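Taking it in order: structure first as structure tokens, then the write-up.
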Amino acid sequence: MADPSSYRPSPGQIPDSPGVYKFRDEHRRVIYVGKAKSLRQRLANYFQDLAGLHPRTRSMVTTAASVEWTVVSTEVEALQLEYSWIKEFDPRFNVKYRDDKSYPYLAVTMSEQYPRVQVMRGHKKKGVRYFGPYAHAWAIRDTVDLLLRVFPVRTCSAGVFKNAARTGRPCLLGYIGKCSAPCVERISAEDHRELADEFSDFMAGRTGTYIRRLEKQMMDAAEEMEYERAARLRDDIEALKKAMEKNAVVLADATDADLIALAEDELEAAVQIFHVRGGRVRGQRGWVTDKVEAVTSGDLVEHALQQLYGEETGDSVPKEVLVPALPDPVGPVQEWLTGRRGANVSLRIPQRGDKKALMETVARNAQQSLVLHKTKRASDLTTRSRALEEISEALDLDSAPLRIECYDISHLQGDDVVASMVVFEDGLARKSEYRRFQIKSFEGQDDVRSMHEVITRRFRRYLAEKEKTGEWVDDSDRSGDSGDGLGGPAGGLKDDDGRPKRFAYPPQLVVVDGGQPQVAAARRALDELGIDDIAVCGLAKRLEEVWVPGEDDPVVLPRTSEGLYLLQRVRDEAHRFAITYQRTKRAKRFRASPLDDVPGLGEARKQALLKHFGSLKKLRSATIDQICEVPGIGRKTAETIAAALAEAAPAAPAVNTATGEIMEEEEPGTTADPSGEPVAAGAPDRRRGQET
């Protein structure tokens, strides 16, 4: 791990002008490329106290061994040079979007003497007009099959074309009218190129004018009693309309635009792009990237624009690009896009109307893409095995941790302190064995003490179960899961009374959500119980370092490590499960009512009482006879309700802090909205705090 001060240039050496900089490692490999409006100010940010840097930035500057820069005239030139260097050097710490597949395009080879329509993948070539990308190649072939009736452009390969020219016989498409057969000179090269131009114009979205022209020709042919020609034109129009129906109109006014949406978490980001031409979605593509550098949503958008339009010119760059967040600053990016197109390009965030609605659709696609990516990565057996092996090697374990338990503490400003335990077996979540805990030994906020209590309680139960059985029973004796998914008893080993045993299985690895203090607390709890065969590590939120007991320095796993990804997934699941329980517990406390203590009074009759009287305060002042008027409430139940309400002291009145006025309208236990449904008074939004 290098010390950034060892290669820090003096401030006087760095120019105060726009430029692009490169960080290199000890082997002279470029590991990061960036641009700046002021090189001096930007580079100074990298050489501050390491504790103040983002963890990913800290990892980059400690990996680097030198920095160099190139001065340019404008920010637009810096943007162009940054893109070129990222393509050339492929730096490990830069955001790089990766396709999980090669998207097919519909291509027209205008550079050839007889242009050809075909499906193309891979890098774009000069002299070829591209349309798309499409999600599937069969979608292109279906569209082309419909359009060849109207635009009989050549689709055959060079070998087939030469063979037909040599024999003087066209292929099958030439005989059935779906190719104008330039190979046997049924059409001149100039006329065939005109056909290819019309085909391209139609695919580019200029459909209305062409269909209207065909309709006029059809009407003229009918008036001249050329009914066969009119019928052919009618069928041509129907074929074109059918091809257009495959792409529904999503934006009015024949809009040409690209819509870019993001879905991201702390580790990865997914990008989805919809290509809209002539108001119709003509293509779609998506990328996923690891967030290997500290980036904002605007930065992710800028990187996506670079990758999307870095090699495009002319009409391939649309007039309008809609994004979820704007790069900072937006001016150079917009100027760069305008230069690529050769005309003005609008880069903005949609605020209302059809474009905003379509952007929401693109965002949903991005979210589904990210979920699918994570699911595929988690469900792959080879990947899971590699992840467990990497964890075993990094933590120096005797074997791969086939069972991992992770613990997290959650609270709201010290109130409703709870903890979660999630279980992963063979790299997959075992939800039937999740557990949740309420912190009982103290009140207030102390994550370290809470972690010690939870680990102690969990493994004290494990020791009790082990002592009770007197022997070890392996996983093959398990009989299944309880399936409750909310912390119910684990299926498998049974007590004498037939109930499943709780906490009967030990993990090979305990992961805590936190750094050195939480790890030390967990290790201390295990030591106090005499357990020394279970490994412990910690993974702090937003950090990538793995902490182990008794070590001053963390274990650093590579950012692309599947082992690190698995630990992060386990940590995030524990965090989610803890927050869900904490919110449920807090909501239940807000909904608490004296009626909860009345035996035999269910939810339906509680609602009936509150709907009848309007509030708990009015119910408290009602007589037994008035309570009996509520349907389903007998006299004995009414007497029990009245007694319970009399014993429960009313809560202190609320005070308006601005005026000092006592607000006595309702009790804060339970009230009713205008519809009669009970709701919580003194809602949670009166509370202020941060969930952890």
Side-chain angles (χ1 to χ4, degrees), residues 1-96 289-303 305-306 310 326-336 515 540 542-545 552-560:
M1 184 178 294
D3 182 359
S5 63
S6 64
Y7 63 88
R8 176 178 183 172
S10 62
Q13 291 179 319
I14 308 175
D16 188 18
S17 57
V20 183
Y21 54 91
K22 293 180 287 192
F23 280 89
R24 295 181 183 267
D25 64 11
E26 58 184 348
H27 303 292
R28 298 295 297 163
R29 290 174 300 198
V30 176
I31 61 171
Y32 184 74
V33 172
K35 68 179 190 314
K37 182 178 180 180
S38 169
L39 286 169
R40 181 178 300 171
Q41 294 180 14
R42 176 62 58 83
L43 290 176
N45 293 333
Y46 291 102
F47 296 102
Q48 56 181 288
D49 183 11
L50 289 178
L53 293 176
H54 189 282
R56 298 187 183 101
T57 306
R58 183 165 65 246
S59 178
M60 187 273 290
V61 297
T62 53
T63 303
S66 63
V67 61
E68 55 193 54
W69 56 85
T70 298
V71 175
V72 296
S73 302
T74 65
E75 293 180 66
V76 176
E77 289 183 22
L79 189 70
Q80 293 171 333
L81 183 57
E82 179 194 35
Y83 172 74
S84 300
W85 278 359
I86 290 175
K87 294 286 287 184
E88 178 182 355
F89 298 112
D90 192 24
R92 56 175 290 201
F93 283 98
N94 278 92
V95 167
K96 294 183 289 291
T289 183
D290 290 323
K291 296 170 73 172
V292 293
E293 57 175 315
V295 289
T296 63
S297 296
D299 295 332
L300 290 171
V301 167
E302 181 176 319
H303 291 305
L305 293 172
Q306 284 181 316
L326 293 173
D328 184 23
V330 67
V333 179
Q334 190 159 346
E335 186 178 345
W336 175 72
R542 295 188 174 275
L543 296 178
E544 298 178 355
E545 294 90 353
D552 294 331
D553 295 320
V555 175
V556 179
L557 290 172
R559 184 61 187 82
T560 56

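Quick caveat: nothing in here was measured; it's all calculated off a predicted structure.
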Just so I know, are the side chains of V301 and L326 near enough to count as touching, which here means a heavy-atom distance under 4.5 Å? no
Heavy-atom nearest pair, A65 first then Y7, reads O-CB, 3.2 Å
ask   = Got E75 and P329 here, is their nearest side-chain heavy-atom distance under 4.5 Å?
value = yes
dist E302:CD -> L305:CG (nearest 0.5 Å) comes out at 7.5 Å
Under 6.0 Å from the CD atom of E26, do we count more than 12 heavy atoms belonging to anything else shown? no
Taking every heavy atom of P15 against every heavy atom of L39, the minimum-distance pair comes out as O-CB, 3.5 Å
Taken to the nearest 0.5 Å, the spacing of Q13 CD from R40 CZ works out to 11.0 Å
Nearest heavy-atom contact between V71 and S17 is CG1-OG, 3.4 Å
Tested for side-chain contact (heavy atoms from CB on, under 4.5 Å) against W85, the lone hit among N94, T70, V30 is T70
Does any N or O in the side chain of R42 come within less than 3.5 Å of the main-chain N or O of K35, such that one atom is a donor and the other an acceptor? yes
Any donor and acceptor pair, going by atom type alone, linking the side chain of Q334 with main-chain N or O of G331 inside 3.5 Å? no
Residue pairs passing the salt bridge (Lys or Arg N to Asp or Glu O under 4.0 Å) test with at least one member in residues 59-73, sequence neighbours excluded, are K22-E68, R24-E68, R28-E68
Residue set satisfying ring-ring contact (aromatic ring centres under 6.0 Å, His included) with Y46, at least two apart, ordered chain then number -> Y21, F23
In this structure, CD of Q306 is separated from CG of L79 (nearest 0.5 Å) by 5.0 Å
CD of E82 to CH2 of W336, rounded to nearest 0.5 Å, is 10.0 Å
In terms of heavy-atom contacts, A78 and G19 come closest through CB-O, 4.0 Å
Do V67 and Y32 make a side-chain contact, defined as non-hydrogen atoms from C-beta onward lying under 4.5 Å apart?
no
d(T62 OG1, D25 CG) to nearest 0.5 Å is 11.5 Å
Here the pair of heavy atoms bringing P18 nearest to S73 is CG-O, 4.1 Å
Value for OG (S38) from CG (L43), rounded to nearest 0.5 Å, stands at 8.5 Å
